[in-house]
Amino acid sequence: MKTFPIGGVHPSANKLSSAKAIEVLPLPEVVTIPLAQHIGAPAVAKVAKGDKVLTGQLIAEAGSFMSANIHSPISGTVTAVDLVANGQGLRQMMITIKREGDDWAEGIDRSETLVKECRLSAQEIIDRIKQAGIVGMGGATFPTHVKLSIPAGKKAECVIINGVECEPYLTSDHRVMLEHGEELVVGVTILMKAVGVEKAYIGIESNKPDAIAHLRKIVAAYKGIEVVPLQVRYPQGGEKQLIAAVTGRQVPPPPALPIDVGAVVCNASTTYAVYQAVQKGMPLIQRVVTITGKSLREPKNLLTRMGTPVSTLIAAAGGLPENTGKVINGGPMMGRAMVNLDSPVTKGCSGITVMSEHDARRRVATQCIKCAKCVAACPMGLEPYYLSKMTQKKNWDEIEARMITSCIECGCCQSTCPAYLPLLDWIRLGKQTTMGRIRARAAAAAPKK
């Protein structure tokens with residue numbers, strides 16, 4: 001069975017909600033919609049306080065090519081366009097809407113009728129995806145229309161659908177594959193048409209045999225689509241790791257991209273959203289979110305409107321347990337700890353993980369014993385202990401030379417460290433600093449207007 005070539009770990013899966021069917025969360029009374037829910041420039045608000053909006057109406061327009069439109073997830077009145085604290089306590093610009101009924105914008109097909117045939121051209125497909133504000137829903141939030149716009153001189157050879165969902169606890173993609181498999185496969189054909197390829201792969205880890213069997217049955221009626229079972233190994237859902245596992249090709253270090261080896265990768269939930277956008281005219285205003293944790297009364301997979309407070313999802317799962325030590329936006333390996341539970345669900349929020357005080361407690365860090373476990377675990381072939389140390393010493397030139405920008409922030413290094421060193425924390429800081437230095441150099445070298 002296929003997998004990626006180096007590194008990786010095997011954390012406990014803890015897929016507590018994998019058998020829980022998707023439930024529709026009741027509509028929130030108030031939503032807050034961040035203007036930056038994606039990689040790139042924030043969207044620009046097109047509404048003001050006092051404006052009436054409909055569900056699915058454009059409320060913020062992409063601020064550049066590397067940006068994404070944002071649509072209202074409810075109908076009602078805009079009560080504010082102002083700075084609001086996000087999950088990490090940082091204030092960012094958001095649109096606040098108070099719900100009034102559930103009236104929808106025109107042109108959106110909310111029926112469950114499967115629409116297989118797509119008569120749009122490749123460019124029309126990409127334009128419709130852009131209009132709908134589709135971004136990567138596995139967490140990276142890269143604007144999908146940008147990913148599908150193949151640069152001059154490059155050629156796509158295959159589409160790879162990421163159904164791995166290797167992050168512990170999270171099961172939203174799993175449920176989408178099981179409950180919306182037909183729509184997902186039509187979405188695959190739309191992506192194939194958009195980038196002009198005749199071959200697509202759906203990569204799924206072998207711990208989801210029901211999804212593998214279900215999608216294999218569906219794709220049998222479609223030409224050029226193959227379901228590829230993969231070994232269970234974290235972080236197999238990383239874009240570069242998935243490409244290596246499925247095709248055997250290695251994406252070179254940054255600034256190289258998957259298209260440099262002929263691959264276009266889309267998350268399973270993103271592919272379903274592409275189907276909805278292209279075939280139904282549905283913008284990205286809702287998504288499936290896993291709310292999970294060992295102490296939660298009832299872990300669930302909830303179809304949630306964007307902007308819904310995280311606290312509402314926790315309440316739907318039985319409330320916050322008394323022994324809660326940490327709430328994470330995402331999973332325990334790559335997620336971010338939250339300090340504000342009234343912050344909203346966004347396009348990249350695939351799950352909320354509630355951890356007990358015992359599970360969330362960090363061990364006291366000691367001294368590095370030079371065991372190199374972090375090196376063996378790194379799926380990118382980096383030296384995490386060295387990058388961490390050089391970041392602490394602010395040796396920015398050295399960490400850039402040692403390819404810190406190749407780090408995918410998977411957390412394998414930190415999870416294996418017997419000295420309990422906060423390797424990922426330091427490497428994230430070093431990577432952010434290095435990326436800032438690279439951008440500053442590029443800006444300084446750019447022709448002055």
Side-chain angles (χ1 to χ4, degrees), residues 34-46 58-70 81 83 86 90-95 121-136 139-157 194-196 239-240 243 250-266 347-348 380 382 387 390-391 393-409 427-449:
L35 297 182
Q37 299 186 50
H38 47 264
I39 288 175
V44 179
K46 307 302 287 185
L58 181 71
I59 57 173
E61 198 168 44
S64 69
F65 178 63
M66 182 66 79
S67 186
N69 290 341
I70 296 173
V81 181
L83 293 170
N86 65 12
L90 303 175
R91 290 164 64 80
Q92 64 180 109
M93 195 62 72
M94 301 192 194
I95 298 171
S121 68
Q123 189 57 53
E124 287 171 334
I125 290 170
I126 295 171
D127 289 345
R128 191 164 289 189
I129 289 168
K130 180 179 180 179
Q131 291 164 10
I134 308 297
V135 302
T141 65
F142 194 91
T144 303
H145 70 273
V146 178
K147 181 174 285 191
L148 299 179
S149 301
I150 309 301
K154 308 290 184 182
K155 178 175 172 56
E157 297 177 28
V195 296
E239 196 171 50
K240 293 181 179 180
I243 292 169
Q250 296 281 342
V251 179
L257 296 169
I259 192 62
D260 290 306
V261 294
V264 175
V265 182
C266 277
K347 295 178 181 182
M380 296 304 298
L382 304 176
L387 295 175
M390 289 300 103
T391 296
K393 292 179 178 293
K394 300 184 179 180
N395 193 338
W396 310 126
D397 291 336
E398 179 67 6
I399 62 173
E400 183 176 347
R402 295 296 186 112
M403 302 304 299
I404 195 169
T405 56
S406 289
C407 173
I408 61 172
E409 302 180 31
I427 292 171
R428 273 178 171 160
L429 174 62
K431 181 181 174 182
Q432 290 168 4
T433 303
T434 301
M435 294 297 290
R437 282 162 53 88
I438 292 171
R439 287 192 295 269
R441 286 202 304 266
K448 300 295 186 287
K449 293 182 180 180

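Side-chain atoms are counted along with the backbone in the values below, which use heavy atoms only and exclude waters and symmetry mates. Quick caveat, the model's predicted, so the values are computed rather than measured.
- Atom CD in E398 sits 11.5 Å away from atom NZ in K393 (nearest 0.5 Å).
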For I408 and E239, what are the C-alpha separation, side-chain angles and deciding distance, and is it a side chain to side chain contact (heavy atoms under 4.5 Å, CB included)? CA-CA 9 Å; I408 61 172; E239 196 171 50; over 6 Å; no
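- The distance from the NZ atom of K347 to the OG1 atom of T144 is 9.0 Å, given to the nearest 0.5 Å.
- Minimum interatomic distance between F142 and K147 (heavy atoms only, all atoms of both residues): CE2-N, 3.8 Å.
- Here the CG atom belonging to L35 is positioned 7.0 Å from the CE atom belonging to M93, to the nearest 0.5 angstrom.
- Using a distance-only test at 3.5 Å, with no hydrogens or angles considered, a donor-acceptor pair links the side chain of N69 to the main chain of A62.
- Here L382 contributes atom CG and C407 contributes atom SG; the two are 6.5 Å apart, rounded to the nearest 0.5 Å.
- By the 4.5 Å heavy-atom criterion applied to side chains, V251 and D260 are not counted as neighbours.
- Between S67 and H38, the shortest heavy-atom contact is OG-NE2, 3.2 Å.
- Looking at every heavy atom in both residues, I129 comes nearest to H145 through CG2-N, 4.1 Å.
- Between P258 and I243, the shortest heavy-atom distance links the atoms CB-CD1, 3.4 Å.
- For the side chain to side chain contact (heavy atoms under 4.5 Å, CB included) with R402, the qualifying choice from N395, T434, L387, D397 is L387, the only one to do so.
- Here I70 contributes atom CD1 and E61 contributes atom CD; the two are 11.5 Å apart, rounded to the nearest 0.5 Å.
- Of all non-hydrogen atoms in K240 and P252, the two that sit nearest each other are NZ-O, 3.9 Å.
- Side chain to side chain, D127 and Q131 fail the donor-acceptor criterion of an N or O pair below 3.5 Å.
- The structure places CG of L429 at 9.0 Å from NZ of K394, a figure rounded to the nearest 0.5 Å.
- K431 approaches T405 most closely through the heavy-atom pair CE-O, 4.0 Å.
- Between V135 and Q37 the shortest side-chain heavy-atom distance does not fall below 4.5 Å.
- The closest side-chain heavy-atom distance from T391 to I404 is below 4.5 Å.
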